[in-house]
Q: 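My questions all concern the structure below.
Treat the numbers as computed from the prediction; the structure is a model and nothing was measured. Just so you know, these numbers use all the heavy atoms, side chains as well, and skip hydrogens, waters and symmetry mates.
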Amino acid sequence: MASMRIVTDPRCLEHAAPLGYPEKPERLRGVLAALRRDGFEVVETEPTKRPREAVEALHDGAYVERFARAVERGDGLLDSADNPLSAGTFEASLGAVEAILAGADWVMAEAGRKAMAAVRPPGHHAEEARAMGFCFFNGIAVAAQDLIRRQLCQRVAIFDFDVHHGNGTQHLFEERSDVFFVSTHQFPFYPGTGAAEERGQGAGTGTTLNLPMAAGAGDEEYGRVFEESVFPALRRFAPDVLLVSAGFDAWRGDPLGGMRVSAEGFADWGRRLAALSAELCEGRLMMVLEGGYDLDELPELVSGCCRAMLGN
């Protein structure tokens, strides 16, 4: 599958989960096993200094240091009960960023390339100086910033279809015109942001598009929103690359969500987004794993979406 690469980092499994915590290493182990079974090339990154530098180019440096010291001290939490710490949490978070950056580089190096960053902890709730909602570093936002900073592209679109609104991603870019953020999400729901009226600020006015959806929405409702709102907005922005916060917790059986998307629905999203990327940005598309907490079904949902991105 030469045009598709799965990127991960072994450190992602080192963020240990307390009993009953839904964001656990087993999520990623299952996903990687399914992707390998289905013949995908899985590339594991190795530690470098690059992710720390890229993180500090977007996140507050004092926050990054506070996070590192909290782990060194053996603190149990960072900022909220949703963000428990273990000895491996800081390195796992850097590992997730390492893999996402590597995937973005690979996608940008040649037209038609697609990638899935199979990583944890997730990232889209992480604010500039605060951990939230299982997230510590906002990996997809760090990658977008890194691509622009290194002049590998000028305009990045981030589409977030996680069942929860990506508050961190929105806030990091809401005053900028070079990153377009569009989100479909259950509303009202955690984290309480993502109202339709939130459309960016200052120079970024109009480059945030929130499409809140009522609980219980399924394939038909999402399909209509995609065709009527998401895809036209992405076409108008005309990005150089399409990044996707791919949360699979809108799945009808997810224990943390309230939506009714089917496995076929997620596969259809992968197919449509691949076609859109071919139309807009020479096929350059990278998905980053965010939520999804049905351990039995998540591996098949991710692999099915990836297969559909390739037309399978």
Side-chain angles (χ1 to χ4, degrees), residues 7 9 45 48-68 90 93-109 113 115-117 119 121-133 135-160 162 165-183 193 198 200-209 234 237-247 277 280-281 284-290:
V7 285
D9 191 294
T45 53
T48 69
K49 295 180 179 179
R50 186 180 169 204
R52 178 75 180 252
E53 295 168 352
V55 163
E56 292 184 345
L58 189 68
H59 283 282
D60 179 70
Y63 163 71
V64 178
E65 185 63 24
R66 179 165 62 85
F67 176 18
F90 188 76
S93 300
L94 287 178
V97 174
E98 187 102 59
I100 294 167
L101 292 173
D105 281 356
W106 190 79
V107 164
M108 293 306 301
R113 285 184 171 181
M116 163 63 82
V119 297
H124 71 152
H125 292 309
E127 299 275 4
E128 180 183 9
R130 183 186 176 198
M132 280 184 65
C135 304
F136 298 90
F137 294 146
N138 196 317
I140 199 166
V142 170
Q145 167 74 359
D146 186 69
L147 290 175
I148 292 170
R149 182 180 62 84
R150 294 164 58 216
Q151 298 183 330
L152 295 179
C153 63
Q154 294 181 319
R155 295 162 69 81
V156 177
I158 300 175
F159 174 37
D160 189 330
D162 193 281
H165 179 245
N167 56 289
T169 311
Q170 173 178 311
H171 294 152
L172 285 163
F173 295 121
E174 64 185 350
E175 296 183 6
R176 291 172 52 169
S177 61
D178 54 354
V179 179
F180 182 72
F181 175 72
V182 56
S183 175
T193 52
E198 298 170 25
Q201 301 178 25
T205 300
T207 54
T208 294
L209 176 61
L234 290 171
F237 184 73
D240 300 316
V241 62
L242 177 58
L243 307 182
V244 180
S245 274
S277 72
L280 298 180
C281 47
R284 291 182 170 90
L285 169 65
M286 180 174 70
M287 291 195 177
V288 175
L289 181 63
E290 300 282 2

Q: Taking the side chain as C-beta and beyond, is there a heavy-atom pair between E290 and T169 under 4.5 Å?
A: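 E290 does not reach T169 side chain to side chain.
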
Q: Kindly determine whether R50 and T45 satisfy side-chain contact (heavy atoms from CB on, under 4.5 Å), including the steps that lead there.
A: CA-CA 12 Å; R50 186 180 169 204; T45 53; over 6 Å; no

Q: Please confirm whether the backbone N or O of T48 pairs with a side-chain atom of E98, one donor and one acceptor, at under 3.5 Å?
A: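 Yes, E98 side chain to T48 backbone: donor-acceptor pair under 3.5 Å.
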
Q: Taking side chain to side chain donor-acceptor pair (under 3.5 Å) as the definition, give me every residue that meets it alongside Q145, ordered by chain and number, with sequence neighbours left out.
A: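 Scan of Q145 (side chain to side chain donor-acceptor pair (under 3.5 Å), adjacent residues dropped) gives R176.
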
Q: How close do V97 and G139 get, heavy atom to heavy atom, and via which atoms?
A: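 Looking at all heavy atoms of both residues, the closest pair is CG2-CA, 4.2 Å.
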
Q: Are the side chains of P122 and C135 in touch, meaning some heavy atoms are under 4.5 Å apart?
A: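 Touching, per the 4.5 Å side-chain cut-off.
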
Q: Less than 4.5 Å apart, any side-chain heavy atom of V288 and any of L243?
A: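 Not touching, per the 4.5 Å side-chain cut-off.
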
Q: For A144 and V156, which heavy atoms make the closest approach, and how far apart are they?
A: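 So the minimum-distance heavy-atom pair works out to CB-CG1, 3.9 Å.
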
Q: Kindly give the heavy-atom pair with the smallest separation between F136 and S93, and that separation in Å.
A: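 For F136 and S93, the tightest heavy-atom pair comes out as CB-OG, 3.6 Å.
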
Q: Which pair of heavy atoms, one from D160 and one from G166, lies closest together, and at what distance?
A: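 Scanning both residues, the minimum pair turns out to be OD2-CA, 3.5 Å.
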
Q: Return the minimal non-hydrogen interatomic distance between A143 and L101, and the atom names on each side.
A: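 What the structure gives for the nearest pair is CA-CD2, 3.9 Å.
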
Q: Measure the shortest side-chain to side-chain distance between E128 and L172 over non-hydrogen atoms and say whether it is less than 4.5 angstrom.
A: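 They are in side-chain contact.
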
Q: Would you mind reporting whether Q170 and T193 have side-chain heavy atoms less than 4.5 Å apart?
A: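 No, too far: nothing below the 4.5 Å cut-off.
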
Q: Please assess N138 against H171 for the test side-chain contact (heavy atoms from CB on, under 4.5 Å), listing each intermediate value before the final yes or no.
A: CA-CA 11 Å; N138 196 317; H171 294 152; over 6 Å; no

Q: Say whether, by atom type as modelled, one donor and one acceptor occur between the side chain of H165 and the main chain of H125 under 3.5 angstrom.
A: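 Not a single qualifying donor-acceptor pair exists.
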
Q: Do L280 and L242 come close enough that some side-chain heavy atom pair is under 4.5 Å?
A: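 Sidechains of L242 and L280: no contact.
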
Q: Let me confirm one number: the CZ-CD distance from R149 to E53, rounded to the nearest 0.5 Å.
A: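 Result: 8.0 Å between the selected atoms.
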
Q: Kindly write out the residues that satisfy side chain to side chain donor-acceptor pair (under 3.5 Å) with H59, not counting sequence neighbours, or none if the list is empty.
A: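 With sequence neighbours excluded, H59 shows a side chain to side chain donor-acceptor pair (under 3.5 Å) to no residue whatsoever.
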
Q: CG/D60 to CD/E127 distance, rounded to the nearest 0.5 angstrom?
A: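 Reported to 0.5 Å precision, the distance equals 12.0 Å.
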
Q: Quick one: list whatever passes ring pair (Phe, Tyr, Trp, His ring centres under 6.0 Å) with F180, sequence neighbours left out.
A: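 For F180, the residues satisfying ring pair (Phe, Tyr, Trp, His ring centres under 6.0 Å) (neighbours in sequence not counted) are F237.
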
Q: So, taking the atom named CG in N167 and the one named CZ in R130, what distance separates them when rounded to the nearest 0.5 Å?
A: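 Taking CG in N167 and CZ in R130, the distance rounds to 8.5 Å.
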
Q: Measuring from L152:CG to D146:CG, what's the distance to the nearest 0.5 Å?
A: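 Here the interatomic distance stands at 7.5 Å.
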
Q: Under the 3.5 angstrom rule, does the side chain of R66 hit a backbone N or O of A129 as a donor-acceptor pair?
A: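 Yes, R66 side chain to A129 backbone: donor-acceptor pair under 3.5 Å.
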
Q: In sequence, state the C-alpha distance, the side-chain angles, and the governing distance for F159 and L209, and then conclude on side-chain contact (heavy atoms from CB on, under 4.5 Å).
A: CA-CA 10 Å; F159 174 37; L209 176 61; over 6 Å; no

Q: What's the spacing between S245 OG and M286 CE if we round to 0.5 Å?
A: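 Nearest 0.5 Å value for the OG-CE distance: 9.5 Å.
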
Q: Can you check side-chain contact (heavy atoms from CB on, under 4.5 Å) on I100 and V142, steps first, answer last?
A: CA-CA 9 Å; I100 294 167; V142 170; over 6 Å; no

Q: Is F137 close to L58 at the side-chain level, that is, under 4.5 Å between some pair of heavy atoms?
A: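 Side-chain contact under 4.5 Å: no.
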
Q: What distance do R284 atom CZ and D240 atom CG have between them, rounded to the nearest 0.5 Å?
A: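 Interatomic distance, R284 CZ to D240 CG, rounded to 0.5 Å: 8.5 Å.
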
